[in-house]
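Below: one structure, written as structure tokens.
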Amino acid sequence: MKFTKNVEVIPGSPNTLIYDNRVVIDLGGKNSNLDINAEVQLATHGHSDHIAGLLKKANVKYLPKEDYWALTLMGRRAMIYGFSSKDSPLFTYDFIKDDLSEDFKDVEIQKIKLPGHTPGHTVYIVDSVLYAGDAFFGQKVLENFGVPFYTDFWEALNSLYKIKELIKSVDYVVIAHGPIYTNKRKMEELLDFNISFNEKLVQKVKDLITGNEMTAEEVTYRISGNKDVANILLNSVTIKSILFQVAKNIRVSEKGILFST
């Protein structure tokens, strides 16, 4: 889909942005096998479904330094699941198993750090198009998973408010996982939906532990849509980030760490 004369977005999960036929942002997922010759390959962050482009032949490859944990398989597992374990079938997001490198400067591309999803999550502005990566998500993605993945929920929420300001200076907005709209107003509405969804998520967590002691896994199970093992692991990362902020009482028992208000 064409956004400007020089910007095209290829649908996928993630959606991949191509600028001036020389810069590619977030080549991954089903788009990994696209035959795209580019001078520059950029990743918004280190998750495996966003970094396949960094393995392509390119003059410049960029990964935010805060996400250097993605340079190794163990680092990616630890940051996504909270731990690693050799050859376990639970690690369903081990898409890339190679080492990566990082270096990038380009006067035509503005990079802005918006952490939360990962420590180094970075968005890019090219030709009046904001590529927001995983800073926010499509409505169906949120509703299906029940919990957005954030290494730090509170930083991510702060980043969402920053995007509300950034949107004012661009003509278009593209996210990695969700619909592609050339109508900026629709993207503003989707951003507002994300903010509201996250604020309601905090309230759901508070309600579950009000007058009731629960572990993070119990809270995660109650809130999650998809309840398979891998998804509960992923969602519990976000839930723990919320719990350690909102719980008034935290104690250890034979069940594990218990949270309550």
Side-chain angles (χ1 to χ4, degrees), residues 45-49 66-67 69 74-94 114-121 134-163 177-178 191-261:
H45 61 289
H47 284 159
S48 295
D49 54 333
E66 295 89 345
D67 278 15
W69 48 265
M74 184 182 295
R76 291 192 291 274
R77 285 178 171 178
M79 283 300 297
I80 294 171
Y81 296 97
F83 71 100
S84 183
S85 183
K86 187 179 183 335
D87 298 330
S88 170
L90 294 177
F91 297 112
T92 57
Y93 290 92
D94 286 350
L114 289 179
H117 183 65
T118 67
H121 187 275
D134 283 2
F136 66 106
F137 304 96
Q139 182 173 340
K140 289 184 178 179
V141 174
L142 291 175
E143 292 174 342
N144 288 341
F145 285 92
V147 179
F149 183 87
Y150 296 130
T151 303
D152 188 320
F153 174 86
W154 306 101
E155 285 283 4
L157 189 57
N158 187 47
S159 289
L160 291 178
Y161 288 115
K162 289 180 179 179
I163 291 176
H177 302 286
L191 174 61
D192 287 338
F193 178 85
N194 274 252
I195 292 172
S196 175
F197 187 94
N198 286 331
E199 290 173 344
K200 290 177 182 177
L201 179 60
V202 172
Q203 190 58 51
K204 287 180 182 179
V205 172
K206 287 181 178 179
D207 290 344
L208 284 171
I209 63 171
T210 297
N212 184 37
E213 289 188 321
M214 300 184 74
T215 66
E217 287 72 21
E218 288 175 320
V219 173
T220 303
Y221 182 85
R222 297 283 188 91
I223 293 176
S224 297
N226 181 341
K227 300 185 188 300
D228 65 29
V229 173
N231 197 58
I232 295 297
L233 276 174
L234 293 173
N235 287 355
S236 68
V237 174
T238 303
I239 296 300
K240 288 174 184 175
S241 182
I242 296 172
L243 281 169
F244 275 95
Q245 183 73 23
V246 303
K248 295 180 180 178
N249 302 301
I250 303 174
R251 73 178 186 90
V252 176
S253 77
E254 61 183 12
K255 291 177 63 178
I257 300 175
L258 295 172
F259 302 86
S260 64
T261 60

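Values reported hereafter were calculated over all heavy atoms of this structure, with side chains retained and with hydrogens, waters and symmetry mates removed. All figures in this text were calculated on a predicted structure; none of them were measured in a lab.
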How long is the straight-line distance from CG of Asn158 back to CD1 of Ile163, given to the nearest 0.5 Å? 10.5 Å
Take atom OH in Tyr221; do more than 12 heavy atoms of anything else shown fall under 6.0 Å from it? no
Working to the nearest 0.5 Å, report the span between CG of Leu114 and NE2 of His45. 12.5 Å
Which of Val205, Ile242, Asn235 passes side-chain contact (heavy atoms from CB on, under 4.5 Å) with Val219? It is Val205
Side chains of Lys240 and Ile257, heavy atoms from C-beta outward: is any pair under 4.5 Å? no
Would a distance-only check, ignoring hydrogens and angles, find a side-chain to backbone donor-acceptor pair under 3.5 Å from Thr238 to Pro148? yes
Solution key, residues 136-146 side-chain donor-acceptor pairs under 3.5 Å, sequence neighbours excluded:
from: Gln139; atom 1: NE2; to: Glu143; atom 2: OE2; distance (Å): 3.0
from: Asn144; atom 1: ND2; to: Lys140; atom 2: O; distance (Å): 3.2

So if I apply the side-chain contact (heavy atoms from CB on, under 4.5 Å) rule between Leu208 and each of Arg222, Glu218, Gln203, which one comes out positive? Arg222
With a 3.5 Å distance limit and no angle check, can you tell me whether Ser159 reaches the backbone of Glu155 through a side-chain donor-acceptor pair? yes
Are Phe259 and Met214 packed together at the side-chain level, in the sense that at least one heavy-atom pair is separated by less than 4.5 angstrom? no
Any side-chain heavy-atom pair from Phe153 and Val202 closer than 4.5 angstrom? yes
Backbone N or O of Thr261 within a donor-acceptor pair of the Thr210 side chain at under 3.5 Å? no
With no hydrogens and no angle check, is any side-chain donor or acceptor of Ser224 less than 3.5 Å from a backbone partner on Lys227? no
Could you tell me whether a side-chain N or O of Thr151 sits under 3.5 Å from a main-chain N or O of Pro119, the two making a donor and an acceptor? no
Starting at OH of Tyr150, measure out to CG of Leu234 and round the result to the nearest 0.5 Å. 14.0 Å
So do Thr118 and His121 actually touch side chain to side chain, heavy atoms under 4.5 Å? yes
